[in-house]
Amino acid sequence: MIEKGNLISEGKAKSLYETQNQNELLMVYRDDTSAFDGKKKEALKGKGEINNKFNAHIMQYLDKNGIRTHHIENVTDTESLVHRLDMLPVECVVRNIATGSICRRLGVEQGLKFENPLFEFFLKDDDLGDPLINDNHIIAFNWGTEEEIAIMKEKTLIINKLLCKIFSDVGLILVDYKVEFGRKDGQIILGDEFTPDGCRIWDKETGESLDKDRFRKDLGDVVESYQIVAHKLGISI
Ligand code: 5GP
C-alpha cells in the first residue's frame, strides 16, 4: 500500500507527493488543463485518468526499448509511482513538422517537414515564458554538464524514432513533443510525462489535431481526442 505523504510540488496538471519510500514519489494527474504559461485554464473531466494511462503505456514502451524512465507502476486510475529524480531545469523539444512557437519565432512556414528532426532546449521557467536557450546557457548557468547535454539530445532523438513508429503504425503523425530528464545514481533518466498535453499529434489522413492544440485553439472535444489517440494505440481507459 502506497502512502501519500507531503505535497512536494503542484504543477499545472500534476501534483507530486512523497511516499513512505524516500526514493519514490506519487505523481497525481489532475483534470486541470492550462495553456499559454498558465494564462488559460480549465478542468476537463477525465483528462487526468487518460493522461495517467497514456503516460504509463508510453513509458513502459520506452523502458522496454532501452530508454530508462522514472515510471514504476500505475497505482490508481490517476496516480502513478515514480523514482525520485533530480530534474534538470530544461525542456527538450523535438520537431518533425513546423508549427507552434517555431513558426512565430522564426517565420517558418506552417507544416514544413524537417528533413532531420529539429532539437531545441527551453528553460523551464513560467515567469520568463519558458525561453529558448542553447547548450552554452546550460553550461554557463550550471543547469547541466556537456555530457548531460549530449545524453539528453541523444535520448530525445531515440525517443523520437521509437514514438514516430508507433504513432505512424496507427495512422497518426507525431508532429513535435517536449520531454524532461533528471538525474538518478549518476544516470540521466526520462522524467515528467509523455501525454497529449505535451506533444502534437495529427491524424495522417485528415491532418486534424488530436492533442492540447484543441484546447489552445478552442476546437472542443479535447478529452475525446486524447481518447481517440489512446484507443488507436491500444491503451484501455
Ligand atoms: P511549442 O514550442 O511549439 O509551443 O511546443 C513544442 C512542443 O512542446 C508541443 O508539442 C508542446 O505541447 C510541447 N511543449 C512546449 N512547452 C511545453 C510546456 O511547458 N508544457 C507542456 N506540457 N508541453 C510543452
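Numbering of ligands and ligand atoms starts at 1, following listing order. The first residue of the sequence shown is numbered 1, and numbering continues consecutively from there.
- Side chains of Glu147 and Thr145: no donor on one and acceptor on the other come within 3.5 Å.
- With a heavy-atom cut-off of 4.0 Å, Asp197 touches ligand 1 through its backbone alone.
- Residue contacts with ligand 1, taken as heavy atom pairs separated by less than 4.0 Å, involve Glu91 solely via side-chain atoms from C-beta onward.
- The single protein non-hydrogen atom nearest to atom 9 (C) of ligand 1 is Asp176 OD1, 3.2 Å, given as residue, atom name and distance.
- The aromatic rings of His137 and Phe141 lie parallel to each other, with less than 30° between the two planes, well short of the 60° mark.
- For ligand 1, the atoms sitting less than 4.0 Å from at least one non-hydrogen atom of Cys199 are 10 (O), 12 (O), numbered in the order shown with element in parentheses.
- Distances between N or O atoms of Ser101 and those of ligand 1 include at least one value under 3.5 Å.
- For ligand 1, the polar-atom distance check against Arg105 finds no nitrogen or oxygen pair separated by under 3.5 Å.
- Closest approach of Ala35 to Arg216, counting heavy atoms only: CB-CG, 3.8 Å.
- Contact atoms of ligand 1 toward Gly100: 3 (O) (distance under 4.0 Å to a heavy atom of the residue).
- The proximity of Asp130 to ligand 1, defined as any non-hydrogen pair under 4.0 Å, is limited to the side chain.
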Donor-acceptor pairs are to be reported for all side-chain atoms of residues 156-166 against protein atoms at under 3.5 Å, with residues two or more places apart or in another chain.
from	atom 1	to	atom 2	distance (Å)
Thr156	OG1	Met152	O	2.5
Asn160	OD1	Asn96	ND2	3.0
Asn160	ND2	Asn96	OD1	3.0
Lys165	NZ	Asp169	OD1	3.4
Lys165	NZ	Asp169	OD2	2.5

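- Figure legend: cation-pi geometry between Lys47 and Tyr29 absent, as NZ or CZ is not positioned both under 6.0 Å from the six-membered ring centre and within 45° of its axis.
- Using a 4.0 Å cutoff on heavy atoms, Arg95 counts as a contact of ligand 1.
- With a 4.0 Å heavy-atom cut-off, ligand 1 is reached by no atom of Lys14.
- The side-chain contact (heavy atoms from CB on, under 4.5 Å) test applied to Thr206 returns Asp203, Glu208, not counting sequence neighbours.
- Between Arg216, Lys212, Lys178, Arg200, it is Arg216 that holds the heavy atom closest to atom 12 (O) of ligand 1.
- Annotation: the span from Ile102 atom CD1 to Phe114 atom CZ amounts to 4.0 Å, rounded to 0.5 Å.
- Note: Phe167 and Phe194 have tilted aromatic rings, judged against thresholds of 30 and 60 degrees for the angle between ring planes.
- Residue Arg104 has no N or O atom closer than 3.5 Å to an N or O atom of ligand 1.
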